[in-house]
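Taking it in order: structure first as structure tokens, then the write-up.
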Protein chains: 2
Amino acid sequence: MMKEYSIGQMSRRTGVKVTTIRYYEGRGLIPSPARTTGGQRRYDEAALERLAFLRHARELCFGLGDIADLMALAEAPSEDCAPAHKIARKQLAAVDRRLTILAQLREELARMANADDPGQARECRVIEVLGDHRLCIGAHDLPDGSLDLSGG
Amino acid sequence: MMKEYSIGQMSRRTGVKVTTIRYYEGRGLIPSPARTTGGQRRYDEAALERLAFLRHARELCFGLGDIADLMALAEAPSEDCAPAHKIARKQLAAVDRRLTILAQLREELARMANADDPGQARECRVIEVLGDHRLCIGAHDLPDGSLDLSGG
DNA sequence: ATACGATCTACAGCGACTGTAGGTTCAAGG
DNA sequence: CCTTGAACCTACAGTCGCTGTAGATCGTAT
């Protein structure tokens, strides 16, 4: 027998809110699931995986459009891989930038969170770390709109 | 003589759009700058640093509220450091989770972007990597709303 | 059979921008 | 000086990605 999940079970298993799951369905990011005779949604294992993917990708600030691209990429037939590679490269650049900054921020936050003497907060360098332009590998000098600050 | 910047120069130097800078001012995230007699904004070096910080923090998905907290933390007098530590710890947890997932995703994207044989795309594991729940250190089992999916 | 929590649709509201309209200012060139 | 055009101003409507509510229905445990 194939396992089936209600929308609430999907929500509990992935951490995505019920209303958000329905929203994703409306946006076409997850396929419309089967329904009971009474009209309630019933999901299978594949839908669960797709939703888990969506959740993690969103947590990493990927927009719904980019996520749709990534999903298409993962399911792409082997024929036209050039566009898939282009998407991968684009996402890779964004990921690398975030990784660099996040690693620095992590270090600084850890120092602050674990400092033996709480009184040291006055030496906090969080602002400097996040404000340091040397971390931005040319991103600022690109034409208008090259940096998508609208986030998710 | 102290250097002064117009809002457009601020925008070019930080990559934050002019309209967004005004929006941040309206939200109180950056102080209202001095004005020319004609009413145009003139910023100093400190404002530039603050805005650069804001930009980087936003790129890392921190909400404006959290950013305000971080800024206050960085400027906090040494007296009440306990709340500052709490904020730092909370942000640290979020940063660590993102770092873990991002690192895995980076590896997978790099493999896809650089694969010698583009035909290998069919073996793409991006979905599995991002869908892997073992990466979620207990985050899913926490009470409702423990994961802030609303992003920025 | 009933109760009550989970689900349904539809829609309004929020956070963080983004873009436009319609007007004003500034600085460089004539 | 005066002009001219880019940059700036305010105010406000629109977008994206949710989030919450209202009011009705479903489904399952007792």
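Lettering follows sequence order; numbering is per chain, from 1.
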Taking the side chain as every heavy atom from C-beta outward, state whether [X] and [Y] have any pair of such atoms under 4.5 Å apart.
X       : Y       : value
A/Tyr43 : A/Leu51 : no
A/Leu54 : A/Arg58 : yes
B/Glu25 : B/Arg41 : yes

Taking only the side-chain nitrogens and oxygens of [X], find out if one of them lies under 4.0 Å from OP1 or OP2 of [N].
X       : N      : answer
A/Thr36 : D/dC26 : no
A/Thr20 : D/dG17 : no
B/Arg58 : C/dA16 : no
A/Ser6  : C/dT7  : yes

Distance in angstrom units between [X] [atom1] and [N] [atom2], rounded:
X       : N      : atom1 : atom2 : value
A/Arg22 : C/dA6  : CZ    : P     : 13 Å
B/Gln9  : D/dA7  : CD    : C1'   : 11 Å
A/Tyr24 : D/dC16 : OH    : P     : 15 Å
B/Arg35 : C/dT24 : CZ    : P     : 16 Å
B/Arg55 : C/dA16 : CZ    : P     : 18 Å
A/Glu4  : C/dT7  : CD    : C1'   : 15 Å
A/Ile7  : C/dA6  : CD1   : P     : 13 Å
B/Lys17 : C/dT20 : NZ    : C1'   : 14 Å

- Report the nucleotide, chosen from C/dA6, D/dC9, C/dC17, that has the shortest atom-to-atom distance to any side-chain atom of B/Leu64. C/dC17
- Message: Can you identify which nucleotide, out of D/dC26, C/dC17, C/dC26, has its nearest atom closest to the B/Gln40 side chain?
- Response: C/dC26
- A/Leu29/A/Tyr23 under side chain to side chain contact (heavy atoms under 4.5 Å, CB included): CA gap, chis, key distance, verdict: CA-CA 9 Å; A/Leu29 283 153; A/Tyr23 171 74; 5.9 Å; no
- Of A/Gly38 and A/Tyr23, the one whose nearest nucleotide on DNA chain D sits closer to the 5' end is A/Tyr23
- For A/Tyr5, what residues pass the side chain to side chain donor-acceptor pair (under 3.5 Å) criterion, not counting sequence neighbours? A/Glu45
- Message: With nearest nucleotide decided by heavy atoms, which residue, A/Arg42 or A/Thr19, maps closer to the 5′ end of DNA chain C?
- Response: A/Arg42
- Query: Which is true for B/Arg41 with a 4.0 Å heavy-atom rule: it touches a base, it touches only sugar-phosphate, or it touches nothing?
  - Reply: sugar-phosphate
